[in-house]
Amino acid sequence: MNSTHTTTTAGPSPAPSATIHRHVLFGAAITALGGLLFGYDTGVISGALLFIGRDFPGLTSFDKELLTSILLIGALIGALAAGRIADRVGRRPTVLGTAALFVVGVLLAAFSPTYWVLVGARVIIGIAVGSASMVVPLYIGEIAPPRIRGALVSFNQLAITTGILASYLVDYRLASSENWRLMFGLAAIPAILMFIGMLFQHESPHWLVAQGREDEARRVLHSVRDQGAIETEVAELRELSTHRSSVREVFNPALRHVMTIGVMLAVFQQITGINTIIYYAPTLLSSAGLGNSAALLANVVNGAVNVLLTIVAIRLLDRTGRRPLLLGGTAGMAVAMALIGLTFAIGGGQLHGIAAYVAIAGLLIYTGSFAIGLGPVFWLLISEIYPVKIRGQAMSVATMANWGANFVVTVSFLTLLSAIGNAGTFFLFAGLSVVALVYFQRQVPETKNRSLQDIERDLDLPAAVTGEAARVISS
Ligand code: BGC
């Protein structure tokens, strides 16, 4: 990374005015409903599964696993398609299409006449989840002023964690009525709000400049930037967008470094075990000897810790920077996983008395550490480190890697537990967290308080993309 490079816009940008704040905040809040739906739809299935069999008798455990994991496959497809669509037709239509897909998917799920219609609905919801997971940070990252970009993009992570917690609470509340259809259907409310809210939002100014639509970009920038910064930003974006975007550029050898960082962050975010905790914590705790209700309670507390520590991260990201939170958080995850492994190693797979408390403490420390670091920082960094002209497609690659790794870990977790035991599995996650820590320490750049254009220049990308390599690729 070229850290000596300086430009006219390097350094802190001026504080945005209150009106600008309002516009940007509203845009970020509307799109972050996509994050809420991401969290809710991935979380809601655990409770709904208990009652689906009532309407569709004879479901096997494979049928249930399929219903759960098919969403992840849909998400892979959604992430793949959304980047290309967002670079082609714009960020705003992509968000609108995503919201429409959510509405269709959740209503279809709520009214499914057969099991297979429900499976189809989960695929549609999955496509929407995958698309939202990349286009929301992409859009927010491009409308946000650099100074508060970390906090705003991480609204998305806050929305994801809130969605997960909301799904636990809805499942819990509706459990007595066994109304799994309502559990799915309630998600139509934020989906419709997202669609309507987005109708009143502007297209991303970065995308507009990349399309040569500078006058429109200026009009948008007037509502999201201070007056003085607009012309500089348009000029910088113009300079960085001179070449036609091509999907092959994502594989341009000159971009390998930055593509690798995004994919590694994506894979590490998953293989360090977060979703084994999010999806299986109650199962794990109750099978280790904790009562069912204590296990569910621990799960809700864990969901709340996830939300609270994400709020702390939002307050800190633009002050301390991304790296200290990422490194500190990942170190915390390693220690916590080792602690959980140790309680299982000592208790021989069973958790009694003090060991149960230590394991729950480990669980909460783990989730809190994820929430303050790798959770938000992964989505934030992938919205910051790619060149504007291929940003959508490059984010798609990282997002797909994230969903792919999520799928692999989720489907193999129970097998892993029986193959190497509870203790072995958690020690493995601890070890992987240490590997992640070393990688992050060596490779991940600090992006705090820098314009996306400066980050692009610092990573030496224009030379890579607009130079000889790009000429070869686009010829
Ligand atoms: C991850 C999800 C995870 C969630 C938990 C997100 O950043 O991408 O896989 O379920 O955080 O809070």
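In listed order, ligands and their atoms are each counted from 1. Computed from a predicted structure; not experimentally measured.
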### Contacts of Phe440 that satisfy ring pair (Phe, Tyr, Trp, His ring centres under 6.0 Å) - sequence neighbours left out
Phe268
### Message
Tell me the contacting part of Trp379 for ligand 1: side chain, backbone, both, or neither, using a 4.0 Å heavy-atom threshold, strictly below.
### Response
side chain
### Query
Counting each atom of ligand 1 from 1 as listed, which ones have a heavy atom of Thr161 under 4.0 Å away?
12 (O)
### Side-chain heavy atoms of Arg92 within contact of Leu96, under 4.5 Å
yes
### Heavy atom of the protein closest to atom 3 (C) of ligand 1 (residue, atom name, distance)
Asn275 OD1, 3.5 Å
### Query
Can you tell which part of Asn402 has a heavy atom less than 4.0 Å from ligand 1: side chain, backbone, both or neither?
side chain
#### Entry: Closest protein heavy atom (residue, atom, distance) for atom 6 (C) of ligand 1
Gln157 OE1, 3.5 Å
### Query
Will you find, in the side chains of Thr367 and Asn306, an N or O donor that is under 3.5 Å from an N or O acceptor?
no
#### Entry: Enumerated ligand 1 atoms positioned under 4.0 Å from heavy atoms of Gly375
7 (O)
### Task
Kindly check if the number of other-residue, nucleotide or ligand heavy atoms within 6.0 Å of CZ (Arg442) is above 12?
no
### Task
Check each heavy atom of Ile164 against ligand 1 and say whether those closer than 4.0 Å belong to the side chain, the backbone, both or neither.
side chain
### Query
In the protein, which heavy atom is nearest to atom 8 (O) of ligand 1, and how far is it?
Gln269 OE1, 2.9 Å
### Donor-acceptor pair between Asn402 and Thr399 side chains, under 3.5 angstrom
no
### Query
Nearest protein heavy atom to atom 12 (O) of ligand 1, by residue and atom, and its distance?
Asn306 ND2, 2.9 Å
### Within the 6.0 Å centroid threshold, strictly below: Phe56 and Trp116
no
### Query
Do Trp180 and Phe111 have their ring centres less than 6.0 Å from each other?
no
